[in-house]
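Some notes on the structure that comes next.
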There are 2 protein chains.
Amino acid sequence: MTTTRRPRADARRNYERLLAEADAAFREGGVESSLESVARRAGVAIGTLYGHFPTRRALVGALLRERNEGLFELGERLLARPEPDALATWVRAATAHAAAYSGLAALLADGLDDETSDLHASCRRMADIGERLVARARETGAVRPDATGDDVIALTTAAASLHEHRSAAEADRLITLTMAGLAVRRL
Amino acid sequence: MTTTRRPRADARRNYERLLAEADAAFREGGVESSLESVARRAGVAIGTLYGHFPTRRALVGALLRERNEGLFELGERLLARPEPDALATWVRAATAHAAAYSGLAALLADGLDDETSDLHASCRRMADIGERLVARARETGAVRPDATGDDVIALTTAAASLHEHRSAAEADRLITLTMAGLAVRRL
DNA sequence: ACCTGAACACCGTTCAAGT
DNA sequence: ACCTGAACACCGTTCAAGT
């Protein structure tokens, strides 16, 4: 029986400070901001950052933990209590999530196929929810019969990338247009 | 009256070798590949690369010159001799162009608003062609009346980014779905 | 007119040495 | 158990000195 040991007080403090400063740095300069600068801002040596987060994606994953839980809850709620615009609601929420930091959309898009990515599990979970939602919409006839989970992934990552490189308005517009395209029943 | 002077033979050779090696490097490792490695591959000092191409985007712009001309010709041809699928043809060609190197879609998306980018002029030209094509499709009733040039830009850059981070198939599928959404006449 | 490469400032990542 | 920071390998960019 393994007990999770209480971490040393300074370790816990460093962990928290690193997370806070990484969040600030990534908000300002995107997810590819220098890790040295994050460590500097947090007032720890670079080795300490690597001690807590062995890879950049581990750090991003830790930052996304809470946000992820909120997103998954929404997904399960939409699956549990069906409503007409469930799929669109999901796509917009997932897009907002993937656009939390600039550069994140690319990391998530790559993470879905890359099993070594620290983001892989949560990417799979997002893909899974999207797939179940689109399956139900297909059965309802709300979307065309050839609509797939890949369509949902594609739209989500594409819209998040637009959010980053063009604007929130263009991202939202792409979602509207693509959802309209998905709603066309006759092929 | 300014005469374009014939460049020194070694300068011309270095220019060509830099272009060739940059193309190879960017194909393999994307448009953010190290410039030092490009200079090394071309067998010149790093200062020589900077002498010919003061910024990374100038180098990318030079690599894209011929490709760009082909694309613009296609655009003008589609505008001159209307055909039913002109807009879709354009979007697919522009997407393929923007997906020539990984990382290029982001550079082009940013270049459209950034007047200091060496890619700005060609981005504007692409946007202009897209706008004229969508205007005509709007008049024909081939697309919904609220379709804009921004929709075309958004779809193109989004699809190119999908091509890079997901697959050509997903990129193409997004184009199909969004074009279907644009074709919906009733709002 | 063009090329070279040292110089400067910066970064990712590891790991021996400390406490 | 965790932290430090030097060490290594690499990069972007500039510019004085050469030819």
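Chain identifiers are assigned alphabetically (A, B, ...) following the order of the sequence lines, protein sequences preceding nucleic acid strands; residue numbering begins at 1 within each chain. Quantities reported herein were computed from a predicted structural model and do not represent experimental measurements.
Put simply, Asn14(B) has a side-chain N or O that comes within less than 4.0 Å of OP1 or OP2 on dC3(C).
Rounded to an integer number of Å, the gap from CZ of Arg12(A) to P of dA1(D) is 17 Å. In this structure, Arg57(A) places its CZ atom 15 Å from C1' of dT13(C), rounding to the nearest Å. If you take OH of Tyr50(B) and P of dG12(D), they are 6 Å apart, rounded to a whole angstrom. One can place CZ of Arg56(A) at 8 Å from C1' of dG12(C), the figure rounded to the nearest angstrom. Between Phe53(A) atom CZ and dT14(C) atom P there is a gap of 16 Å when expressed in whole angstrom units. Here the C1' atom of nucleotide dG12(C) and the CG atom of Leu59(A) are 14 Å apart, to the nearest Å. In this structure, Leu49(B) places its CG atom 12 Å from P of dT14(D), rounding to the nearest Å. Distance, Glu32(B) CD to dG12(C) C1': 17 Å, rounded to whole Å.
Side chain of Asp151(A) to backbone of Thr148(A): a donor-acceptor contact under 3.5 angstrom is found.
The other members of the hydrophobic cluster of Val31(B), by chain and number, are Tyr15(B), Leu18(B), Leu19(B), Phe26(B), Leu35(B), Val38(B), Val44(B), Ile46(B), Leu49(B), Tyr50(B), Phe53(B), Leu59(B), Val60(B), Leu63(B), Leu64(B), Tyr101(B), Leu104(B), Leu107(B), Leu108(B), Leu119(B) (side-chain heavy atoms under 4.5 Å, ILVMFWY only).
Legend: residues meeting salt bridge (Lys or Arg N to Asp or Glu O under 4.0 Å) with Arg40(A), ordered by chain and number and at least two apart, are absent. Asp85(A) meets the salt bridge (Lys or Arg N to Asp or Glu O under 4.0 Å) test with no other residue; sequence neighbours excluded. With sequence neighbours excluded, the residues satisfying salt bridge (Lys or Arg N to Asp or Glu O under 4.0 Å) with Arg166(A) are Glu170(A), Asp113(B).
DNA chain D is contacted by Ser34(B), Leu35(B), Glu36(B), Arg40(B), Ile46(B) of residues 34-46 of chain B, taking any non-hydrogen atom closer than 4.0 Å.
We find that Arg132(A) and Asp128(A) are joined by a salt bridge, their nearest charged nitrogen and carboxylate oxygen being less than 4.0 Å apart. A salt bridge links Glu16(B) with Arg12(B): at least one charged nitrogen is closer than 4.0 Å to a carboxylate oxygen. With respect to the salt-bridge test (charged N to carboxylate O, under 4.0 angstrom), the residues Glu115(B) and Arg124(B) do not qualify.
Residues Arg57(A) and Ser117(A) come closest through the heavy atom pair CD-OG, 3.7 Å.
Gly47(A) comes within 4.0 angstrom of a nucleotide base, judged by non-hydrogen atoms across all strands.
Annotated stems with DNA chain C as a participant read C:4-8 with D:12-16, C:12-16 with D:4-8, given as range with range, by first number; only runs of 3 or more Watson-Crick or G-U pairs under 3.5 Å qualify.
Along DNA chain C, the nucleotide nearest Thr48(B) and the nucleotide nearest Arg8(A) are compared for position; the residue whose nucleotide lies closer to the 5' end is Thr48(B).
Here dC3(C) is the nucleotide among dG12(C), dC3(C), dG12(D) with the atom lying nearest to any side-chain atom of His52(B).
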